[in-house]
Amino acid sequence: MDPVIIVGAGPVGLALSLALAAQGVPSVVLDEGTGKEESRPARSVVLRADMAAMVERLGCTTLRDEGVRWIGWRGLRRRQEVRRITLDLGLGGTEEWSEDPDAPASPAAPLHIPQHALTRGLRDAISRQKLIRLVTDSRLDTVEQDRDGVVAHTRGPAGTWWRGSHLVGCDGARSTVRKLLGIRFPGRTAVERHAVAALRTELPWPGEALLHRQPPWRGAAEEITARPLPDGVWRIDWLLPPRGDLVTPDVLVARIRETLAGWCDGVTPPYELIDTGVHTLHHRLARRWRVDRVLLAGDAAHLLGAVGTQGLDEGLRDVDNLAWKLAHTWHHGGSDRLLDSYQSERRTAVATRLRAADQSLPVLRGGGGLRTYLPGAARGHDALLTDGHVGRGPLGAPPAYPHSPLAPPYTEGQAPVGTPPGAPVEDVRVTAPDGTTVRLRDRLGQGRLLVLLVAPGTGVWDRRHWRTAGVMPRLEEAVQALPVKAEVLVTEAYPGAAAHAVLLVRPDGHLVASFSGVRPEELYAAADATRGGPADDGAPAEETAAVSVAASGKSDRTADMH
């Protein structure tokens, strides 16, 4: 069986290769660069808690070493503090919950890390993987498809042909894959512009991120954002007019000094300027994300980032959604519905995010006529912007897929819980098959469904007793009969769930359905729907295979990879 070809070695392409390897799928990553990442502290990324956890599961260690989780968020307008939020450093896991649906909850702390550090950590993880081949100096120029796979040609020191089962374009905003497929990429150019600086200094809010709107000093930007990084470093962004003069070094230094003085009682504290830049944000969405065996992910499929939305975070959600579907297809064959659901789910989610951002921009940048069109906007501009930055509301909350083509039909045995079908499940503590207690999130990303039994009291029992008592034997028998691999987990409680409720969870952590008790036939039907039904060709692919790659020249397009 041929490997999956991944075009592009940015964070999305690297993460996809690792996610596939975790599920036993080999890949070849084609990197048109040299494999060396330029150190740019001013080019940093913000990951929501669930995506940071996913990247850590893939073996990236730099998140802990070179990233920082904000302990709080502050909103200032003119001279006044208008909002302060304490962020949950427990990664958003549910330890306790309130019966009151209106009770305030602390958002999970985002993780902030320089992009070069994230990329380096992913490359280090790849270096420990035997199923991934990373090839530098390889620029794609041709893609051909047939019934059984994809052939790609790259230019470089030696022109090479590559044969793969599928090809995924993770090659950025100017994606060659997208252009070769002839896919349109409509949208808006230069939605926002920011001057950016990374500097080492002391600010009055250690460990907290800050959004300052309409600062009171003369010549200030309309919005200034400050976000901490490790070792006393801060990334500061100044919102620029859409069309304005170039930001010269002298102008930027003046902005830095005025801003620091404005935040530090009129005195500019000592600072070390590390890196600067100008960041222009575009909003675009590819018309199609799949053409037969070729797919798009990350910036090749979408661009966003205005008013607090996070482009790379959305790219990693593409990876989380696509990897298990591609792995199932690679191992077992798959219906078109399974891979089609990637475009249906993710493109809809990103389009919704883009629509929310585009509708909010006139409101937040001085308009107001569209305020009533955006859910949550009535709480005020500051609250809306805060939601985008801390990961909640229409601009920041994790996506749900309630209308997924993989959703099973409703049955009488389904019972609602605190998580709607299609939404991400809560990260509750669970007991795994080996008897260890872990977070539910720790069991994701392994290509199998999770079957979660809510069984109060099991925490005080010895596992050898409750594994053979009550509904457990019947549940395990039902799970063994499912058409796809699944793992049984047990939890003491789940928000809104009654005792003996059974939750079926996808490999990417989204709820398929919840049932009142063990219902083997309904559980089977839901699992079958989740895989998109039986494979189209009825013939499963080989479970194991050596990774094949192309030798130079068209006459011999495959060779063993060692």
Novice: Determine whether more than 12 heavy atoms belonging to other residues, nucleotides or ligands lie under 6.0 Å from atom CZ of R337.
Specialist: no
Novice: Pick one: which of R133, R123, R139 meets salt bridge (charged side-chain N to carboxylate O under 4.0 Å, His left out) with D31?
Specialist: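 The option that passes is R123.
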Novice: Mind checking the CG-CD1 spacing from L131 to I126? Nearest 0.5 Å is all I need.
Specialist: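 Nearest 0.5 Å value for the CG-CD1 distance: 11.5 Å.
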Novice: Under the side chain to side chain contact (heavy atoms under 4.5 Å, CB included) criterion, do V425 and Y494 qualify, and how do the steps go?
Specialist: CA-CA 9 Å; V425 293; Y494 188 90; 3.5 Å; yes
Novice: Is there a donor-acceptor contact under 3.5 Å from the side chain of H112 to the main chain of V46?
Specialist: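 Checked: no pair found.
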Novice: Under 4.0 Å between a Lys/Arg side-chain N and an Asp/Glu carboxylate O for R163 and D148?
Specialist: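 Between D148 and R163 there is no salt bridge, as every charged N stays at least 4.0 Å from the carboxylate O atoms.
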Novice: Between the side chains of R317 and D50, is the shortest nitrogen-to-carboxylate-oxygen separation below 4.0 Å, so that they form an ion pair?
Specialist: yes
Novice: Shortest non-hydrogen contact from L440 to E426?
Specialist: CD2-O, 3.4 Å
Novice: Hey, does L511 have a side-chain heavy atom less than 4.5 Å from the side chain of V417?
Specialist: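 V417 reaches L511 side chain to side chain.
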Novice: Ignoring hydrogens and geometry, is there a side-chain-to-backbone donor-acceptor pair from S335 to G532 under 3.5 Å?
Specialist: yes
Novice: Would you say W162 and L140 make side-chain contact, with heavy atoms under 4.5 Å?
Specialist: no
Novice: I'd like to know whether T348 forms a side chain to side chain contact (heavy atoms under 4.5 Å, CB included) with H403, so could you lay out the CA-CA distance, the side-chain angles of the two residues, the decisive distance to 0.1 Å, and finally the verdict.
Specialist: CA-CA 10 Å; T348 299; H403 306 297; over 6 Å; no
Novice: Nearest 0.5 Å, what's the CG-CZ distance between L181 and R287?
Specialist: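 Those atoms lie 15.5 Å apart.
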Novice: Are side-chain heavy atoms of H331 and V25 found at a separation under 4.5 Å?
Specialist: yes
Novice: Please find out if less than 6.0 Å separates the ring center of H166 from that of W330.
Specialist: no
Novice: What are the two closest heavy atoms between V319 and V12, and how far apart are they?
Specialist: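 Distance-wise, the nearest heavy atoms are CG2-O, 3.6 Å.
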Novice: Between T491 (side chain only) and V454 (backbone N and O only), is there a donor and an acceptor less than 3.5 Å apart?
Specialist: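 A pair under 3.5 Å: no.
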Novice: Does some side-chain heavy atom of D299 sit less than 4.5 Å from a side-chain heavy atom of S175?
Specialist: no
Novice: For the pair R293 and D2, find out whether any cationic side-chain nitrogen is under 4.0 Å from an anionic carboxylate oxygen.
Specialist: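 The answer is no: the pair does not qualify as a salt bridge.
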Novice: Without swapping roles, check the side chain of H282 against the backbone of A190 for a donor-acceptor pair under 3.5 Å.
Specialist: yes
Novice: Does a side-chain heavy-atom distance below 4.5 Å link L453 with V451?
Specialist: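 No. Closest side-chain heavy atoms not under 4.5 Å.
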Novice: Going by the salt bridge (charged side-chain N to carboxylate O under 4.0 Å, His left out) test, name the single residue among R290, K325, R347 that passes it with D340.
Specialist: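 Going through R290, K325, R347 one by one, the salt bridge (charged side-chain N to carboxylate O under 4.0 Å, His left out) with D340 is satisfied by R290 alone.
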Novice: Please report the closest heavy-atom contact between P398 and P424, naming both atoms and the distance.
Specialist: CB-CG, 4.0 Å
Novice: Are there more than 12 heavy atoms of other residues, nucleotides or ligands under 6.0 Å from atom CZ of R128?
Specialist: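 More than 12 heavy atoms, drawn from other residues, nucleotides or ligands, come within 6.0 Å of this atom.
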Novice: Evaluate whether atom CZ of R284 has more than 12 neighbouring non-hydrogen atoms of other residues, nucleotides or ligands under 6.0 angstrom away.
Specialist: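 Yes.
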Novice: Has R48 got a side-chain atom pairing as donor or acceptor with R392's backbone, closer than 3.5 angstrom?
Specialist: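 Pair absent, no side-chain N/O of R48 close to backbone of R392.
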Novice: Given 3.5 Å as the limit, does a donor-acceptor pair link the side chain of E314 with the main chain of H302, or not?
Specialist: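 A pair under 3.5 Å: no.
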Novice: So does G298 get a backbone contact from the side chain of D318, meaning a donor-acceptor N/O pair under 3.5 Å?
Specialist: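 The answer is yes, because a donor-acceptor pair under 3.5 Å joins these two groups.
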Novice: Could you check L20 against I6 for side chain to side chain contact (heavy atoms under 4.5 Å, CB included), going step by step and ending with a plain yes or no?
Specialist: CA-CA 11 Å; L20 291 172; I6 299 172; 4.2 Å; yes
Novice: Looking only at heavy atoms, which two atoms of A356 and P394 are closest? And how far apart?
Specialist: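 For A356 and P394, the tightest heavy-atom pair comes out as CB-O, 3.8 Å.
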Novice: Regarding K179 and D171, does a basic nitrogen lie under 4.0 Å from an acidic carboxylate oxygen?
Specialist: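 No, this pair does not count.
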Novice: Answer yes or no: is there a side-chain heavy-atom contact under 4.5 Å between L322 and W289?
Specialist: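 Heavy-atom side-chain distance check fails, nothing below 4.5 Å.
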Novice: Compare every heavy atom of V512 with every heavy atom of R506, then report the nearest pair and how far apart it is.
Specialist: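 Shortest heavy-atom separation between R506 and V512 comes out as CG-CG2, 3.3 Å.
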Novice: Can you check side chain to side chain contact (heavy atoms under 4.5 Å, CB included) on L180 and V294, steps first, answer last?
Specialist: CA-CA 11 Å; L180 290 174; V294 181; over 6 Å; no
Novice: Does the side chain of P399 reach to within under 4.5 Å of the side chain of R353, using non-hydrogen atoms?
Specialist: yes
Novice: Under 3.5 Å, is there a donor on one side chain and an acceptor on the other for Y401 and R346?
Specialist: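 Short answer, yes.
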Novice: Do you know which two heavy atoms are closest between P409 and Q414, and how far apart they sit?
Specialist: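 It is O-NE2, 3.1 Å.
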